[in-house]
Amino acid sequence: MNLLATILLITTALSAVLALVSFWLPQMTPDTEKLSPYECGFDPLGSARLPFSLRFFLVAILFLLFDLEIALLLPLPWGDQLATPTLTLSWTTAILILLTLGLVYEWIQGGLEWAE
């Protein structure tokens, strides 16, 4: 029981110290951008009828498209249990080539450029 009490005391003390340090350490210099609730690049207090740039949505869609590589490539180490490891290598290569071709296509079309 003594070990359990010691561990509980250490974890409580460490949590309290970290919580106190996290309140004292950061600089409290709020400005208008930090106090704004929106981060999408336009003034939230203006009119809601202003035209909105579709570049924001394009970047979000491109991020989701190329973020799929993580979901597709993460299970591949467990795919090594297949009869032939060359099948795993071929699937990995096919996915990476497909993603690279998509990236090259977007680059050629100018979808990755922020300013025109």
Side-chain angles (χ1 to χ4, degrees):
M1 193 66 171
N2 192 13
L3 179 64
L4 183 62
T6 305
I7 291 174
L8 188 60
L9 180 68
I10 290 173
T11 56
T12 304
L14 185 63
S15 299
V17 167
L18 290 175
L20 288 174
V21 167
S22 71
F23 282 115
W24 286 331
L25 199 58
Q27 297 177 353
M28 298 295 179
T29 55
D31 59 352
T32 56
E33 289 184 13
K34 288 182 181 178
L35 294 176
S36 176
Y38 299 102
E39 298 178 357
C40 54
F42 63 92
D43 184 22
L45 302 176
S47 174
R49 304 283 185 221
L50 293 175
F52 187 68
S53 173
L54 292 178
R55 184 72 69 186
F56 177 76
F57 295 111
L58 178 65
V59 170
I61 289 172
L62 286 176
F63 173 75
L64 289 175
L65 176 68
F66 292 113
D67 194 44
L68 283 176
E69 71 182 68
I70 293 173
L72 294 173
L73 292 176
L74 269 178
L76 283 174
W78 288 276
D80 285 338
Q81 298 173 0
L82 296 173
T84 59
T86 55
L87 184 60
T88 304
L89 182 65
S90 64
W91 276 110
T92 305
T93 306
I95 291 170
L96 288 176
I97 287 174
L98 183 66
L99 286 171
T100 305
L101 289 175
L103 179 65
V104 168
Y105 176 75
E106 287 296 325
W107 196 332
I108 290 172
Q109 294 295 320
L112 301 176
E113 295 180 13
W114 285 99
E116 296 176 8

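Screening Ile97, Leu99, Leu98 for a side chain to side chain contact (heavy atoms under 4.5 Å, CB included) involving Ile95 leaves a single residue, Leu99.
Remark: Val21 pairs with Val17, Leu25 by the side chain to side chain contact (heavy atoms under 4.5 Å, CB included) rule, at least two apart or across chains. Here Leu89 pairs with Thr93 under the side chain to side chain contact (heavy atoms under 4.5 Å, CB included) rule; sequence neighbours left out.
Atoms CG and CG, from Leu96 and Leu101 in turn, are 11.0 Å apart once rounded to the nearest 0.5 Å.
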Atom pairs and distances, donor-acceptor, side-chain atoms in residues 8-16, under 3.5 Å, two or more places apart:
residue: Thr11; atom: OG1; partner: Ile7; partner atom: O; Å: 3.0
residue: Thr11; atom: OG1; partner: Leu8; partner atom: O; Å: 2.9
residue: Thr12; atom: OG1; partner: Leu8; partner atom: O; Å: 2.7
residue: Ser15; atom: OG; partner: Thr11; partner atom: O; Å: 2.8

